[in-house]
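For reference, the structure discussed in these notes is given below.
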Amino acid sequence: MNQPPIETKEKKESLNFIEQIIEEDIRNDKNGGKVLTRFPPEPNGYLHIGHAKSICLNFGLGINYNGSTNLRFDDTNPAKEDIEYVDSIQEDVKWLGFKWNNEPLYASDYFDKLYDLAVELIKKGKAYICEQSPEEMAAYKGTPTQPGKPSPWRDRPVEESLDLFARMKNGEFEEGTKMLRAKIDLASPNMHMRDPIMYRIKKADHHRTGKKWCIYPMYDYAHGQSDYFEGITHSICTLEFEVHRPLYDWFLDQMVEPGGYRPRQIEFARLNLSYTIMSKRKLLRLVQEKHVSGWDDPRMPTISGYRRRGYTPESIRNFAERIGVAKRDNLIDVSLLEFSVREDLNKKALRVMGVLNPLKVVITNYPEGKSEQLDAINNPEDQSMGTRKVSFAREIFIEKDDFLEEAPKNFFRLSPGNEVRLRYAYFIKCTDVVKDANGQITELHCTYDPATKGGNAPDGRKVKGTIHWVDASNHVNAEVRLYDRLFNVEEPDEAEEGKDFLSHINPDSLKVIRAFVEKAVETGKPGDKYQFERMGYFCIDKDAAPNNVVFNRTVTLKDTWAKIANK
RNA sequence: UGACCUGUGGUGUAAUUGGCAACACGACAGAUUCUGACUCUGUUAUUCCAGGUUCGAGUCCUGGCAGGUCAACCA
C-alpha cells in the first residue's frame, strides 16, 4: 500500500521457497489472492541483524506481491516488556526503510477478544482450568519419547472452569495456582499438543493495559489468533516454531469456517553471523554487565548498533537479499555484511584524508611560511559530488605505515630514495630520517618537485605509490574509535564446558585514538559518512561536540598490501 | 530409543520442477589505477552415503548416515 520505494538489486529470476508458496497461493486464489504479512517482535529487547533479515523478508513480500505488512508487538508477557523497546523497534524498522500499515498493532489490543474466545472454547469443552503446580504439570506432561498423563482437572465440569476462569481474571487467585489449558492430546508425539497452556496468572503492570489484566494469554494462543483477527495471509517465523505449527492450526480449526479465510504459518532458518551472537538474552547481558556501552554500541549486532557504526539501510537490505531465505541452518560469514557496506559506502561516502598514526614530514625545499589550497575530488565514483580544497604546507603528517626505512622491492610507499606521490599534491623523495635516542623515527625530511603540483609530472614520469597526508598546522584533531569484532571466535555460542560466550569476548574490540583529519570534516554532523582514503569508512558519532569531532570506524578498506606483508 | 525439519564448492543461495550444476561472497593469479580501494579478466572448488527407477537423477523411490528443533505458567 503506502510502501516507500526501495532500492534493491534488479528483480531476480529465481524464487525462494516462501515466494514459491505465495505465488502458488495467489494462483489458487487462496484468501482472494491477497498477501498480508506481519512483523511481530516482542518488545523485550532491541532489534538485531537477524530481525533485519525477517523485516526485509516480511516487508519485501508485502511490497513485491502487491500487499502490505503489519507491525504487531507481541506483548503478552508484561514481566519482560518495556516501552523503551517499543519505541526503538519502530525507529529501527523505519530506518531500514519500511512502512507498516497504519498504526502499530499490539497483541494486547486483542486481550478482550482473546478472552471471549477462550470462554467459547471452555464452553465447547475444548479448554479447562488446571490447578497443577509447575512441577506436577511437567511430570504429567511426559517426555518427547513418553506420552503424558491427564491432569486430574482435565474433565472438570465446564461450568466450574468458566467460573474459575472468570475469577482468575478478577484477580482472586495467586500467580501459579491456576491456568487455562487447551484440551487436545496428551499422547501426541508433539509436546506442544499435550494440553498447552492458554492463559496464566501474572499480576504485573502491562505497558499498555496497565492493571486491567492479571491473566495473560500465551504465545501459541495469542499469536495465531492475532494473525486471524488481522487477516494475515502468510505468517512467517523462524524454524524453532515449526513444531508449534500443528497447534497454530488447531486453534485456527476452532474458529475458521472451512474454505474461508485462513492464515498460514511458514518457517525459515534464522540468520547466524560468524563472530557474533544473536540471542536477545545474551545481548541483554552484554548491555547489563557493561561489556558494551549500550544497545547501540557500534560493536553490537543490533540495528541501532550498525546504524551508529555507519552502516546504511541500503547495505543491510542488500545483505538480506544476498543471504537469501531457506530452511537449512546457516552461518553467514561477516565478510559478506562488510562487503555490503563497502559496496554502498563506496558510492556515497565523501573522500577525505585522515592520518591515524602520524609521522611528521618536513619538506625541506618548500618555502617556509607558505601554504596552498589544492584541489581534491570528493568522490571519484560520483563526479557530481564535486571537489574541495585541501591545505598543504611545508610540514605535513603521513601515515607511519607508509614509510619503511628498509623497504622490500614490492613496497610502493615512501622509503629513502623512493619517490611517491602525495595525493592531490606533489611528488616527494625522502632525504633524511630523523631518530630519537632510542632509534625511533621521529620525523622525515623530504624534498618535493614543484613541477608535480596536483600530482602529475610534466615529464611523464610515474610513481608507483600514492599516499595520503594532512597539513601539520591546519587540520582537525579528532577522536577516532577503531572497532574490531566483539568476539574472537566464529561461533561464540559454542563455548567449552564450564565457560560461556563471554569467555570469547575480544579484549581489543575497541581502540580509541586521536587522529589528524583534513579540515573538510569540521562541518560534519553526527551520522555523516566519510572514506578516509586508503584507510576505511568512518562516520561521525553522536558523541561529537563542537570542539571534539568523534569518528567511528565503520569498516576498513580491503587491504591487499596487509595481505602481502603478512606473507 | 519419539516426532518434525534439513543435507548442493570454503560460505550462502539457485537450478526452467527428470535434461549441460549457476550466481554472489571468499581465496588465488593477472590487468588497470593519483586510494595496494573501486573496476575488469581469469583460476579454484560442489550435489552426505549405498542401492534402485530411468535414455537421462541434485531433483523420484528404498535404506542408511549426519546436523537441527521440541519436554518455560518465554516468545
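Naming: A, B, ... by sequence-line order, numbering from 1 per chain. Remember, it's a predicted structure, so these values are computed and weren't measured experimentally.
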Please state how far atom [atom1] in [X] lies from atom [atom2] in [N], giving the value in whole angstrom units.
X        : N     : atom1 : atom2 : result
A/Gln265 : B/C5  : CD    : P     : 14 Å
A/Phe268 : B/U6  : CZ    : P     : 15 Å
A/Arg413 : B/U35 : CZ    : C1'   : 10 Å
A/Asn272 : B/G12 : CG    : C1'   : 12 Å
A/Glu491 : B/U11 : CD    : P     : 11 Å
A/Glu533 : B/U33 : CD    : C1'   : 12 Å
A/Lys327 : B/A14 : NZ    : P     : 13 Å
A/Ile377 : B/C38 : CD1   : P     : 18 Å

Just by distance, with hydrogens left out, do [X] and [Y] show a side-chain donor and acceptor under 3.5 Å apart?
X        : Y        : answer
A/Asn318 : A/Ser340 : no
A/Tyr46  : A/Glu84  : yes
A/Asp195 : A/Tyr128 : yes
A/Tyr248 : A/Asp227 : yes
A/Asn44  : A/Glu42  : yes
A/Ser384 : A/Asp382 : yes
A/Asp75  : A/His207 : yes

Are any protein N/O atoms closer than 3.5 Å to N/O atoms in nucleotides 19-27 of chain B? If there are, list each pair with its distance.
| unit_1 | atom_1 | unit_2 | atom_2 | d |
| --- | --- | --- | --- | --- |
| B/A27 | OP1 | A/Lys563 | NZ | 2.7 |

Base, sugar-phosphate, or nothing: which does [X] touch, judged by heavy atoms less than 4.0 Å apart?
X        : answer
A/Val463 : nothing
A/Thr560 : sugar-phosphate
A/Arg245 : nothing
A/Tyr216 : nothing
A/Gln531 : base
A/Leu331 : sugar-phosphate
A/Phe411 : base

(message) Under the rule for side-chain contact (heavy atoms from CB on, under 4.5 Å), what residues qualify as partners of A/Pro78, not counting sequence neighbours?
(response) A/Lys202, A/Ala204, A/His206, A/Tyr216
(request) Please work out whether B/U17 sits syn or anti, treating a glycosidic angle within 90° of 0 as syn. (result) syn
With [atom1] as the reference atom in both, quote the distance from [N] to [M] in angstrom, rounded to an integer.
N     : M     : atom1 : result
B/A15 : B/G9  : P     : 16 Å
B/U39 : B/U46 : P     : 27 Å
B/C5  : B/C61 : P     : 13 Å
B/U8  : B/C48 : C1'   : 10 Å
B/A31 : B/U69 : P     : 49 Å
B/U59 : B/C49 : P     : 10 Å
B/U44 : B/A29 : C1'   : 10 Å
B/G12 : B/A50 : C1'   : 29 Å

Taking [X] first and then [Y], would you say they form a salt bridge - that is, a charged N and a carboxylate O separated by under 4.0 Å?
X        : Y        : value
A/Glu242 : A/Lys327 : yes
A/Asp109 : A/Arg72  : no
A/Glu518 : A/Arg351 : no

(request) Give the minimum heavy-atom separation between A/His468 and A/Glu533, together with the two atoms involved. (result) ND1-O, 3.5 Å
(message) Suppose the criterion is ring pair (Phe, Tyr, Trp, His ring centres under 6.0 Å): which pairs have a residue in residues 317-344 of chain A, not counting sequence neighbours?
(response) none
(message) Applying a 3.5 angstrom cut-off to the pairing atoms, does RNA chain B sit in any stems of at least three consecutive Watson-Crick or G-U pairs? List them by first number.
(response) B:2-7 with B:65-70, B:10-13 with B:22-25, B:27-31 with B:39-43, B:48-52 with B:60-64
(message) Output one letter per nucleotide in nucleotides 67-75 of chain B: B when a protein non-hydrogen atom lies under 4.0 Å from the base, S when only the sugar-phosphate is that close, - when neither is.
(response) -SSSB-BSB
(message) Assuming nearest nucleotide by heavy-atom distance, tell me which of A/Arg421 and A/Phe17 is located more 5' along RNA chain B.
(response) A/Phe17
(message) Please confirm whether the shortest side-chain N or O distance from A/Gln20 to OP1 or OP2 of B/U16 is below 4.0 Å.
(response) no
(message) Restricting to ring-ring contact (aromatic ring centres under 6.0 Å, His included), what partner residues turn up for A/His48, sequence neighbours left out?
(response) A/His51
